[in-house]
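Letters A, B, ... are given to chains in the order of the sequence lines, protein chains preceding strands, and every chain is numbered from 1.
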Amino acid sequence: MEHYFDPKVECASREQITAWQNERLVRQVERVYNNVPYYKKKMDELGVRPEHIHGIEDLHLLPTLSKDDLRDQYPYGLMAAPLSDCVRIHSTSGTTGRRVVAFYTQNDVDLWEECCARALAAAGATKDDVVQVCYGYGLFTGGAGLHGGSHKLGSLTLPMSSGNTDRQLQFMTDLGTTILCCTPSYAAYLSESVNERGLKNRIKLKAGIFGAEAWTEEMRRDIEKGLGIKAYDIYGLTEISGPGVAYECSAQNGMHVNEDHFIVETINPKTGEPVPHGQKGELVFTSITKEAFPLIRYRTKDIGILYDEPCSCGRTHVRMSKPMGRSDDMLIVKGVNVFPSQIETVLMNCGYPANYQIIVTRTGSSDRIEVQVEMTPEMFSDSLSEVAGREKQLVSALKAMLGIYCVVKLVAPKSITRSEGKAKRVIDKRNLYVNSADPASTDPAAN
Amino acid sequence: MTVKQISVFLENRPGALAEFTKILEKSNIDLRALSLAESEDFGIVRVIVDNPFDTIQILKDEGYVCSITKVIAVEIEDKPGALVNMLNILGDNKVNLEYSYAFLAKKANSAFMVFRVADNDKAIRVLTENGIRPICHEDMEQLFK
Ligand SMILES: [Zn+2]
C-alpha cells in the first residue's frame with residue numbers, strides 16, 4: 001500500500017498544481033523585486049517587471065541565477081525577509097569556492113520538513129517507524145532535513161549524525177530501526193559491516209533514503225541486497241532548501257519534484273534555451289514558497305531529464321531523473337551530449353573500475369571519442385578472445401547509453417594520470433574553446 | 001601433468017614488451033617460452049619461466065595485471081608427421097585449442113608444443129591413451145638444467 005504524507009497535495013490534479021504555481025510565482029517575483037535589490041537590478045537589466053509575470057508561462061522571461069551570484073551576494077545580499085524573522089541558517093561545504101549561506105524563517109523550516117516527510121512517507125515510513133538519521137547534523141542540511149521530516153511524520157527519530165559505526169549498528173539492532181537515512185556510500189559501508197558481523201537477521205530495516213551524493217543503480221542493488229531493504233533516492237540542494245526538493249516513490253523510477261514549492265525547468269546549459277520534458281537539460285529551480293532566501297531560476301549545473309508520464313504510485317508531481325552529470329562536464333561529441341557520469345555508470349555495470357579517461361579528438365569535421373579503461377585482475381584472462389569479448393560488450397553498452405560509437409582502449413593499471421589524487425576524466429583535444437574565457441577547458445599538458 | 005604459464009596484460013604501444021622483458025632480466029628470471037597475442041588495442045604476453053610464483057609476485061609489484069594458467073606441454077618427436085598426429089588426436093577427441101605455441105629446450109635438443117585447452121584432464125587422458133605423455137613443470141625444469 002502506498003503511503004502519502006499529504007495526499008491532497010501529492011496527488012493533486014495538474015490544473016491544481018499549475019494554479020498553485022501561477023499564484024505563488026507571481027507573488028514571489030513581486031516580493032523579490034521589492035525586497036532584494038540584486039533581483040531588482042537583474043530584472044531591470046533585462047527590462048522585466050513583476051507585472052510582466054502572470055504565471056509559469058512567463059518564467060523564461062526572468063533572469064537565471066548561478067552559484068556565482070550566490071557567492072557574490074554572500075552573506076545577506078539575497079535575503080527577502082528581515083533577519084529578525086529568520087530562525088536558522090545552513091551552509092554548503094564550500095569545497096569549490098566561497099561558502100553559500102541559506103537563511104530560513106520558521107515557515108521555511110516547516111515547509112522544508114514537510115517535503116522531507118513526504119519523502120519518508122513515500123519510502124513507506126509511518127508514525128510507527130523508527131527512523132535512524134545518520135546524515136551529518138550541523139551546517140549540512142542532510143541531518144536537519146530528514147530529522148525534521150521524521151518528526152513531522154511522528155516516527156521515532158534517532159538523531160545519530162554520521163560516523164561511529166559501532167554505535168550506529170548497536171542502536172539499529174537494539175532499537176529496531178526500520179528506516180535508514182544516510183549517504184549511499186555510508187549505506188554501502190553499513191551494509192558490509194552488518195554482513196561481516198553477521199547482524200543481518202538482527203536488523204529490522206525495511207527501507208532507506210540515500211542522497212547528497214551521486215550513486216549508481218548498481219550501488220542501489222548492492223545496498224538493497226546487503227541490507228534486505230528498498231533503497232530510495234532523494235534530491236536537494238542547500239541553496240534551494242536541502243533534501244526533499246524531489247524524492248523517489250515506490251516506483252523507484254525518477255524523483256517527484258515537490259512542485260507546490262518548487263518550479264523545475266530544464267534548459268540547454270550552453271544557450272539557456274528551455275529543453276522539453278523527456279530530454280536532457282540543466283535542472284533549474286524556482287522556490288515559490290520560500291520567505292527568507294527565495295531563489296528564482298537557480299541553475300543547479302545538474303543535468304537531468306523531467307518526466308510527465310503518470311506514475312504508478314498515484315503522485316502527480318513531475319519526476320526528475322537522477323542527476324546524470326554536471327553541466328560543466330558536458331561534452332558534445334558528434335552532436336550528442338555526453339556526460340562522463342554516463343560512461344562511469346556503464347563501466348561499473350560492465351565490471352570495469354570507474355577509473356577512466358575520455359579523450360576527444362577531431363579529424364576534419366568528424367569527432368572521435370576514446371574511452372581509456374584500466375585493466376584489472378578481475379577483467380583479465382589469458383585468453384585474448386575472452387578479454388576482447390568483454391571489451392566488445394563494453395563498446396555495445398556505451399553505444400546503447402550514449403547513442404554514439406566510442407573507441408575503447410584498455411590500459412595498464414594506474415596508468416591514468418591523477419593530479420592531486422583525482423583523475424582528470426576528460427581531455428578534449430579539439431580546441432573548441434580557444435576563444436573561450438575559460439582556459440581550463442583545454443589542457444595543453446595533455447597534448 | 002601441466003605446466004604453469006603466466007599471462008600478462010600489455011598495452012599496445014611501442015616499448016611495452018621491451019619493458020616487460022627487461023623486468024624479467026633484471027630479476028634473473030629464466031624465460032623458457034614466450035608467446036604474444038595482440039588485438040587492436042592491447043596484448044597478452046604468455047611466458048613459461050623457471051619459478052612462476054616468484055615471477056608473479058615480482059610482476060604484480062611492478063604493477064602488471066597477470067594470471068597463472070595451467071597449460072599442457074608435450075615433446076614433439078623428431079619424426080615426420082609427429083605434430084600433425086598429435087593435433088589429430090586432440091581434434092578427433094573434440095579437445096578444442098584456445099591457443100598453442102612452441103618452444104625449444106636446447107640442452108635436451110628437443111622441441112615442445114604448448115596447448116591451452118578448456119579441459120586439461122580430458123586432454124591429458126586422450127594424449128596418454130595415445131602414448132603421448134605431457135610433461136609437468138618439474139620435468140620441464142630438468143630439460144634446462
Ligand atoms: Zn511515483
Side-chain angles (χ1 to χ4, degrees), chain A residues 343 346-348 350-361 363 368-399 404-418 421 423 427 429 446-447, chain B residues 2-20 22-23 33-49 52 55-57 59-73 96-101 114-120:
Chain A
I343 292 174
V346 173
L347 288 174
M348 287 174 59
C350 292
Y352 287 95
N355 198 26
Y356 60 93
Q357 198 160 52
I358 301 161
I359 297 166
V360 189
T361 48
T363 325
R368 177 183 190 270
I369 178 165
E370 176 177 299
V371 181
Q372 295 194 346
V373 189
E374 287 183 355
M375 181 43 75
T376 63
E378 292 73 34
M379 300 309 281
F380 183 61
S381 152
D382 67 307
S383 157
L384 190 79
S385 56
E386 217 174 296
V387 180
R390 283 181 198 143
E391 192 181 11
K392 254 194 213 108
Q393 272 176 21
L394 178 58
V395 172
S396 313
L398 285 169
K399 176 98 201 292
I404 53 168
Y405 173 74
C406 298
V407 178
V408 168
K409 185 165 185 209
L410 297 173
V411 298
K414 299 196 177 71
S415 63
I416 290 173
T417 45
R418 292 164 173 82
I427 296 173
K429 296 185 176 175
N447 287 307
Chain B
T2 54
V3 170
K4 291 171 194 78
Q5 167 197 276
I6 297 176
S7 312
V8 185
F9 175 80
L10 284 189
E11 289 184 356
N12 193 358
R13 61 174 167 80
L17 185 59
E19 284 164 29
F20 168 75
K22 219 169 276 168
I23 287 166
L34 182 148
S35 134
L36 186 63
E38 282 172 294
S39 85
E40 237 169 80
D41 73 308
F42 69 95
I44 297 173
V45 61
R46 300 161 186 141
V47 293
I48 295 174
V49 297
T55 308
I56 262 244
Q57 198 50 54
L59 291 172
K60 279 186 178 162
D61 291 347
E62 292 282 346
Y64 283 94
V65 174
C66 45
S67 63
I68 288 195
T69 316
K70 289 178 177 168
V71 292
I72 290 170
N96 288 324
L97 296 186
E98 173 77 43
Y99 54 82
S100 62
Y101 51 95
V114 173
F115 299 114
R116 164 74 160 103
V117 298
D119 187 346
N120 274 336

Against chain B, work out which of A:Ala388, A:Ser383, A:Ser385 has the most heavy-atom pairs shorter than 4.5 Å and name it.
-> A:Ser383

Give me the one residue out of B:Lys70, B:Lys4, B:Arg116 that meets salt bridge (charged side-chain N to carboxylate O under 4.0 Å, His left out) with A:Asp382.
-> B:Arg116

Heavy-atom distance under 4.5 Å to chain B: side chain of A:Val387, backbone, both or neither?
-> both

Check each atom of A:Glu386 against the heavy atoms of chain B and say whether the ones under 4.5 Å are side chain, backbone, both or neither.
-> neither

Nearest atoms (heavy-atom pairs only) where B:Leu97 meets B:Phe115 = CD2-CD2, 3.6 Å

Side-chain donor-acceptor contact under 3.5 Å, A:Glu370 with A:Thr361 = no

Side chain, backbone, both or neither: which part of [X] has an atom under 4.5 Å from a heavy atom of chain A?
X: B:Gln5; answer: side chain
X: B:Thr69; answer: side chain
X: B:Phe9; answer: both
X: B:Val71; answer: neither

Look at B:Glu19 together with B:Arg13 and state whether they make a salt bridge at an N to O cut-off of under 4.0 Å.
-> yes

Quick one: pull up CG in A:Leu398 and CD1 in A:Ile369 and give me the separation to the nearest 0.5 Å.
-> 8.5 Å

Give a yes/no verdict on a cation-pi contact between B:Arg46 and B:Tyr101, requiring under 6.0 Å between NZ or CZ and the six-membered ring centre and an angle within 45° of the axis.
-> no

